[in-house]
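Report on the structure given below.
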Amino acid sequence: MDPSNQKHFEVVDYVIFAVLLAASVGIGLYYALSGGRQRTTQEFLMADRNMGCIPVSLSLIASFQSAVAIIGVPAEIYTYGTQYWFIGCAYILGLLIPAHVFIPVFYRLRLSSAYQYLELRFSKAVRICGTLTFICQMVIYMGVCVYTPAFALNAVTGFELWGAVLATGLVCTLYTTMGGLKAVIWTDVFQTVVMFAGQLAVIVVGVQKTGGVSEVWRKIWEGDRISGLDLNPDPTERHTFWTLGVGGIFLMLSLYGVNQAQVQRYLSSRTEKEAKTEGLRETCSCFVSPQMVIYFVMDMLQGLPGLPGLFVACLFSAALSTISSAFNSLATVTMEDLIKPHFPAMTEARATLLSKALAMSYGLLCLAMAYVTHLMGDSVLQMALKIFGILGGPILGLFSLGIFFPWANSTGAVAGLGSGLAVAFWVAVGSILSHTSARSPTPECRVLLGPDNTTTTIHATLSNVTLSRPSGLKRFYSLSYMWYSAFNCFTVILIGLIISFLTGGRGLVFLLCDSTGEDSNLVESTAS
């Protein structure tokens with residue numbers, strides 16, 4: 001961005017941003033010094049399984065309401081039109097299924113890590129493979145979450161890029177390490193309030209300056225941003241009703257059904273009923289290029305002291321809530337799935353200290369991944385959702401194989417996961433190398449700063465160029481990223497079932513719990 005067009009923070013904006021960071025650290029410090037003082041892994045990793053419905057629900061909302069979501073969804077609608085609205089259709093099943101299928105299984109088994117289920121259902125090898133896949137997924141995603149708001153803020157205001165990255169990463173690492181899951185959940189509550197306050201300020205001021213709701217709607221209509229129902233079944237189309245409404249269901253399931261960052265909050269609830277209620281209250285959104293939104297907000301709120309700072313605090317609240325959830329969940333699965341099984345005699349004090357060290361280590365790793373994200377050229381939307389599709393899709397397939405197909409065995413599970421990951425990376429790398437791109441936006445849009453400090457939008461109509469459709473493997477590589485989760489999930493299930501059949505079916509035990517969650521019945525099913 002041209003430096004002459006950059007906006008600048010006032011003193012009060014810096015103060016608001018600093019208060020956000022200080023309050024987050026303060027909450028972590030409070031829970032480090034109160035209650036059990038984080039002396040056990042049960043308290044540090046699981047909040048003593050005694051959290052109420054409201055704070056956990058707000059934490060769930062905040063966990064994947066990342067900064068790239070707050071600034072990305074408006075950018076998506078502005079650039080490509082309202083077709084993205086149809087992802088709302090995916091929310092219904094994408095949230096109902098976890099509440100009635102996945103949450104009861106995990107909660108009744110009283111697990112700390114979702115991947116403990118994989119050992120109970122299949123074997124220790126399957127558990128380790130699932131854990132390692134999740135760790136890779138979240139480590140990469142953390143870099144995207146912490147880098148995106150800092151990059152956007154730097155591009156628009158000149159705010160020091162790596163200063164913002166370090167402030168976000170280090171503050172989050174500090175309060176997560178000190179206060180454990182309790183601090184993560186309660187800072188999420190505080191940060192959710194800040195997020196909604198910042199977004200509300202933008203909506204109110206934006207509508208007022210535009211001339212009212214009717215004027216906003218008129219400009220949207222005249223700007224050709226209202227998209228009709230696109231029922232094109234072509235899976236290579238970037239966004240249609242099918243890619244968003246059907247493919248999006250599998251994305252939601254990978255996020256809310258089997259992702260440890262979410263499952264861990266379900267398991268911290270007092271009762272199964274509260275865990276289900278929290279699952280149904282969740283919401284999430286996805287993300288695109290952020291600079292245009294920040295530029296618009298900074299320009300619109302200029303002259304209103306404190307509001308630009310409030311919106312930036314809103315963005316970084318979203319980033320903090322997302323990465324703190326990741327740190328805590330990563331520490332949990334590493335401890336429960338990779339360390340404790342090999343050191344069963346480890347004392348509680350040592351296990352707690354090691355859990356804190358793991359949370360801190362993942363925090364520092366997050367900063368390194370932010371630099372890797374800096375080197376990538378893909379859009380934030382496709383980068384983030386490809387991560388969940390490439391790695392989250394196979395994880396969803398693995399859990400689905402265990403829950404819905406009782407004849408699947410450990411050999412089939414390992415083969416299915418390996419095949420799913422291989423195919424996922426094949427498609428993703430092929431997509432990059434073949435340079436297949438999605439549909440261009442309706443019009444090409446640019447935002448310029450006028451001589452009177454007003455923001456002017458210029459629409460340039462695309463030339464009538466006929467783009468040839470890719471064929472063969474290139475067409476396969478152009479699969480919409482919204483289908484990645486579904487495609488990779490079904491790959492795992494299909495290969496898993498075939499290999500299970502060829503290797504004699506299932507001969508392992510499966511645990512079921514009664515509705516009280518207190519007793520378990522061991523049901524043994526052997527293949528013929």
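Of the possible donor and acceptor atoms, none in the side chain of E215 sits under 3.5 Å from a partner among the backbone N and O of Q208.
Here the side chains of N259 and M138 are in contact, with some heavy-atom distance below 4.5 Å. Counting heavy atoms from C-beta outward, K340 and M346 have side chains that stay 4.5 Å or more apart. The shortest distance between side-chain heavy atoms of R127 and P341 falls below 4.5 Å. L20 places a side-chain heavy atom less than 4.5 Å from the side chain of S24. Contact annotation: the side chain of M178 approaches that of V25 to within less than 4.5 Å [non-hydrogen atoms, C-beta and beyond].
With sequence neighbours excluded, the residues forming a side chain to side chain contact (heavy atoms under 4.5 Å, CB included) with I128 are K124, L132, L338, listed by chain and number. Remark: T173 pairs with T177, F327, M360 by the side chain to side chain contact (heavy atoms under 4.5 Å, CB included) rule, at least two apart or across chains. Partners of V139 by side chain to side chain contact (heavy atoms under 4.5 Å, CB included), not counting sequence neighbours, listed by chain and number: I135, M142, L330, Y362, L365, M369. Residues passing the salt bridge (Lys or Arg N to Asp or Glu O under 4.0 Å) test with E348, sequence neighbours excluded: none. F102 meets the ring-ring contact (aromatic ring centres under 6.0 Å, His included) test with no other residue; sequence neighbours excluded.
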> Checking side-chain contact (heavy atoms from CB on, under 4.5 Å) for the pair T187/L320: CA distance, chi angles, key distance, verdict?
Replying inline: CA-CA 9 Å; T187 51; L320 288 169; over 6 Å; no
> Do L253 and L93 pass the side-chain contact (heavy atoms from CB on, under 4.5 Å) test, and can you show the C-alpha distance, the side-chain angles, and the key distance before you say yes or no?
Replying inline: CA-CA 9 Å; L253 291 178; L93 288 178; over 6 Å; no
> Is there a side-chain contact (heavy atoms from CB on, under 4.5 Å) between F44 and T176 once you walk through the steps?
Replying inline: CA-CA 9 Å; F44 183 75; T176 304; 5.6 Å; no
>> Apply side-chain contact (heavy atoms from CB on, under 4.5 Å) to residues H239 and M482 and explain how you reach the verdict.
In response: CA-CA 8 Å; H239 284 167; M482 289 299 297; 4.1 Å; yes
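Every pair tested for salt bridge (charged side-chain N to carboxylate O under 4.0 Å, His left out) that includes a residue from residues 161-173 fails, sequence neighbours excluded, so the list is empty.
With rounding to the nearest 0.5 angstrom, the SG atom of C489 is 12.0 Å from the CH2 atom of W483. The CZ atom of F17 sits 9.0 Å away from atom OG of S317, with the distance rounded to the nearest 0.5 Å. Here the SG-CG distance, from C129 to L118, works out to 9.5 Å after rounding to the nearest 0.5 Å. Here CG of L396 is found 10.0 Å from CG of N488. Values are rounded to the nearest 0.5 Å. The NZ atom of K356 lies 11.0 Å from the OG1 atom of T41; values are rounded to the nearest 0.5 Å. The CD1 atom of I323 lies 8.0 Å from the CG atom of L367; values are rounded to the nearest 0.5 Å.
The shortest heavy-atom contact between S324 and D188 is OG-OD1, 3.9 Å. Looking at every heavy atom in both residues, A331 comes nearest to L358 through O-CD1, 3.9 Å. For the residue pair S113 and E336, the shortest heavy atom distance occurs at CB-CB, 4.0 Å. Closest of all the heavy-atom pairs between I16 and A313 is CG2-CB, 4.2 Å. The nearest pair of heavy atoms linking G392 to S254 is O-CB, 3.7 Å. Here the closest non-hydrogen pair linking A261 and S325 is CB-O, 4.2 Å.
L421 pairs in a side chain to side chain contact (heavy atoms under 4.5 Å, CB included) with only one of the listed residues (I390, L391, I395), which is L391.
Relative orientation of the F399 and Y117 rings is parallel, given thresholds of 30° and 60° on the angle between their planes.
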